[in-house]
Amino acid sequence: MLKNYFKITIAVLKRRKFFTFISLFGISMTLTILVVVTAFLDHLFSAGYPEINREKSLYSMTLEQIDSKNQGQQSGPMSFSFVNKYIKSLKLPAKISLTSMVSTANMYRDNKKIRVFFKYTDAEFWEIHQFDFLEGKPYTTRDIDNNEFMVVINEDLRNKYFGNGVSCIGKTIDLDNQKFKIVGVVKGVPITRPHTSADIYLPYNTTKEDLKDPSYRGSFAAIVLAKEKNDLPKIRAEFAEIARKIPIVSQGGFNPDKINIRLDDYVESFLINLFRREDNSTFLYSLLVLIALIFMSLPAINLININTSRILERASEIGIRKAFGASSKVLVGQFVVENIFLTLIGGVIAIVFSLLIIFYINTSQIIPNSDLAINWKVLGVATIASLVFGLLSGVYPAWRMSKMHIVDALKA
Amino acid sequence: MITLQNIEKVYRTSTIETLALNNINLSVEKGEFLSIMGPSGCGKSTLLNVMGLLDEPSKGDVKIDGKRASGLPDKELSRFRNEKLGFVFQSYHLINDLPVLDNVELPLLYRKISGSERRKLAIEALEKVGLSNRMKHYPSQLSGGQRQRVAIARAIIGKPAIILADEPTGNLDSTMGNEIMDILMNLNKNEGTTIVMVTHDENMSKKTDRLVRLFDGSQVM
């Protein structure tokens, strides 16, 4: 029966080429955008270079101090001493890294200005993340204890500053009126991974920030790596206990009466930064699903119209099939299957378009160092989206046509 | 085999009501070849559609093999049509996007029959109407007579007990018309198929066992 449906689908597609073009164009464009957006979301939220341990990592990016009496609130990264005292003291994690938010500076080479992003880290940063060292190695705890002024830079900066592929280990660079010895060069990280993306990585001992400042707010955040994914709830519980005991202190006329600080998984920390809402992963997932559904439903409505007129042309065939024993349910099945064939063809075209667009995004440096890809997960989403799209746009016209009176259908 | 009791069919629009069939009582016996005649618009095709369960009467009962068919749910009605009835239409009603063989095997798609068995039966049906050499052709590549023979092959493939033919020779010249009539008569005589045929042609009706005449929706003979 499927073979028969397939034959008729192909025949109908060939019969009205312009309609077919409009249908396939609408379907493939919609699915292309969905596939590219899915690839981008996958790139954002799935573990990728160098954050391959995301699944068993927790992040504490923001400390929130609330003055509920005066409805005041301050939030932002934490001070070095706060992270050291309250987060680094956790016992259960395998490793805990301390890293600053990214900052910008200008460097000059041959009278050319190079704008760079830099961040301060500890030595554990290199152990939690799996950077690809093109040359050299990371700085160590001993280097930090010895107050060495050394840096790791990324490939892009090396190429801009020293020339393409020129080895620069042992050479120095000037940053913020200080000289740093380069000890390593890493493959660049996309800017969409803000925890690890930078042009220059410096050991925290070189920061001008007062590391002994006891105030809570500063420019640091923490990344916690669990031994196993299963340990994450226990680590959260351990930290919640610590957080409960953090003294609430007033500073500069701001008198908070509550502190919010948590260890979040990657998606939660991303969303909190994006939407400034607590406990909002369900909210964001729902939002994304809603956007995807609205996005698919608009062209689906358009396709419903096209399909309805296409199926109307086939009224006589509907009459014939009914006269010879097809029930309304069987006919709905036939037209939905035909529509799914059509959307799957659109899905294949969409994959080709998506590959071209992703290739362009990755090579054009619209997103520096981006590594968008169509993997099995993205393919799965594309297939499900095609099926949902096929169902959305096929069921209503099929149901309407299947209800057509046989005699009227035969006369059409 | 087919019993129509007090059949009435009314077509209603917002302004007008048309009585297409008025108190029709008719029985068709097993193995009978019945023809229905009458002027255009007298309700011949409507009567055939009601008999073939393609249209519901406004009043009255249709019984086939003693079973009341009107009012059955869609699924049962579809199965009933599929197993008991075969249709031949004046304008053939073939699916132009499918080759002859696929058109013929269409009724079997709605039965639990394997693809290879369907093919075998479709070829047999085409052999019966002398068109086994046109299996891969599309309807648009055939003459009117050939198309009607394909339609007959489609009507008989499921071995239905009854064939309802609505002016099967109406679009054909007399030679082709006679060929089609011969095939129908052969089915009736040799295979015992009950046939009800609407026709305008007195000569064709003379070849059948019985003639029913309609006038303005009423049976006059």
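We use all heavy atoms of the structure for the numbers below, so side chains are in, but hydrogens, waters and symmetry mates are not. Residue numbering restarts at 1 for every chain, and letters A, B, ... go by the order of the sequence lines. Please read all numbers here as calculations on a predicted model, not as lab measurements.
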Please indicate whether [X] has more than 12 foreign heavy atoms, meaning atoms of other residues, nucleotides or ligands, lying under 6.0 Å from its [atom1].
{"X": "B:Glu191", "atom1": "CD", "result": "yes"}
{"X": "B:Ile16", "atom1": "CD1", "result": "no"}
{"X": "B:Tyr11", "atom1": "OH", "result": "yes"}
{"X": "B:Lys84", "atom1": "NZ", "result": "no"}

Supply the atom-to-atom distance [X] [atom1] to [Y] [atom2], rounded to the nearest 0.5 angstrom.
{"X": "B:Arg81", "Y": "A:Lys322", "atom1": "CZ", "atom2": "NZ", "result": "7.5 Å"}
{"X": "B:Phe87", "Y": "A:Ile320", "atom1": "CZ", "atom2": "CD1", "result": "12.0 Å"}
{"X": "A:Lys411", "Y": "B:Ser45", "atom1": "NZ", "atom2": "OG", "result": "8.5 Å"}
{"X": "A:Ile406", "Y": "B:Glu56", "atom1": "CD1", "atom2": "CD", "result": "10.0 Å"}
{"X": "A:Ser316", "Y": "B:Asn96", "atom1": "OG", "atom2": "CG", "result": "8.0 Å"}
{"X": "A:Phe324", "Y": "B:Glu105", "atom1": "CZ", "atom2": "CD", "result": "13.5 Å"}

Non-hydrogen atoms of chain A under 4.5 Å away: do they reach the side chain of [X], the backbone, both or neither?
{"X": "B:Phe80", "result": "neither"}
{"X": "B:Asn49", "result": "side chain"}
{"X": "B:Leu94", "result": "backbone"}

Legend entry - Heavy-atom contact with chain B under 4.5 Å, split by part of A:Val407: both
Legend entry - For A:Ser327 against B:Asp74, the heavy-atom pair lying closest together: CB-OD2, 3.5 Å
Legend entry - Leading residue by heavy atom contact count with chain A [cutoff under 4.5 Å; candidates B:Leu77, B:Leu106, B:Leu108, B:Thr46]: B:Leu106
Legend entry - Audit row: B:Ile95, A:Arg321, side-chain contact (heavy atoms from CB on, under 4.5 Å) steps and yes/no: CA-CA 9 Å; B:Ile95 299 174; A:Arg321 288 186 184 271; 4.1 Å; yes
Legend entry - Pairwise side-chain contact, B:Leu54 with A:His405, heavy-atom cut-off 4.5 Å (strictly under): no
Inset, instruction - Could you list which of residues 141-165 of chain B have a heavy atom closer than 4.5 Å to any heavy atom of chain A, in residue-number order? - result: B:Arg154, B:Ala155
Legend entry - Residues from residues 115-128 of chain B approaching chain A under 4.5 Å (heavy atoms): B:Arg118, B:Arg119
